[in-house]
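Read the structure below first, then the notes.
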Amino acid sequence: MLVSLVPIPFQIIALTQERNSLFEYPQERLAGIFRELGFRCTGCSRCCTREFNGHVFPLDNDVTKVKKIDPEALEPAPNPEFCDQKGVFYVSGYSLRAKDDAQGSCWFLENGSCRIYNNRFSICRIYPYMLHREPDERGNVDWRQISGLNEHGEYHEAMPPEESTSLARQVKEYENAILTQEISFLEFLQEYFSKHHLRHIQKVYDDRMRQFSKGETITVMVYYAGQLEEHRLKKLS
Ligand code: SF4
């Protein structure tokens, strides 16, 4: 999640514009790019580790699934977006917990395989495909359609058109869902802050983060299913 100094209404506008440009991106063009890449998973399972891939952010409906399968697998997403004047943090969702091994394997990864493969989450089903606007090394913002290019899997394999079309549809649906979730969080928080006379204070954010890194407990409110869920966190030493 991204800490931002931009006021909430402007963040909502920017995300809505991003979602509009996602709608406008032709599904068939995306499917054509996927066919051209011809990615094939070789089952190396590296993408299920933090060493390779950072955090995994499940959508709200996936979080509902995890809560039934193994609630221990969830933790508040890192880098909360806001902190109020009382030192309480707010973050837009959960991430999957990693095991305490050298690679930071996903909680559900066992002997190189996903132990809930048939129930795996939306992001796990579409990965490594994506549709994001990101700056390149020169700062030019453009669409990016695959993650970890040439760092895993095999390429230039034949992909049937119906597979690429289905993938393109799923990627657009996922990207839309994640943006919609983020917008919903910001709209909720705007109202919540106004109702409870709260505001984001960057200095309080930085101070509390410093205290957290020294072992103090912090409160993080996680947005899920239109509400905030409270967590008390202490850094593991
Ligand atoms: S849930 Fe399964 S597929 Fe998804 S990251 Fe974890 S191990 Fe990998």
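Throughout, numbering of the chain's residues begins at 1 and tracks the sequence. Atoms within a ligand are numbered from 1 in the order they appear, just like the ligands themselves.
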Note: Trp107, heavy atoms under 4.0 Å from ligand 1, region reported as neither
Tell me which protein heavy atom sits closest to [atom], plus the residue, atom name and distance to 0.1 Å.
atom	result
atom 2 (Fe) of ligand 1	Cys114 SG, 2.4 Å
atom 4 (Fe) of ligand 1	Cys124 SG, 2.3 Å
atom 8 (Fe) of ligand 1	Cys48 SG, 2.4 Å

query = Does Arg97 come within less than 4.0 Å of Glu75, counting only side-chain N to carboxylate O?
reply = yes
* Short N-O contact, Arg210 and Asp206, less than 4.0 angstrom -> no
> Are the side chain of Asp62 and the backbone N or O of Ser122 linked by a donor-acceptor pair below 3.5 Å?
Replying inline: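 At least one qualifying donor-acceptor pair exists.
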Would you mind listing which atoms of ligand 1 come within a distance below 4.0 Å of any non-hydrogen atom of Phe121?
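In order of numbering, the contacting atoms are 1 (S).
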Can you tell if the side chain of Leu198 reaches within under 4.5 Å of the side chain of Phe82, non-hydrogen atoms only?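 SC-SC contact between Leu198 and Phe82 ruled out.
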Within a strict 4.5 Å, meaning less than it, do heavy atoms of the Arg120 and Phe108 side chains meet? no
(request) Report yes or no: does Cys106 have an N/O/S atom closer than 2.8 Å to atom 8 (Fe) of ligand 1? (result)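 Within the cut-off used here (under 2.8 Å), Cys106 places no N, O or S atom near atom 8 (Fe) of ligand 1.
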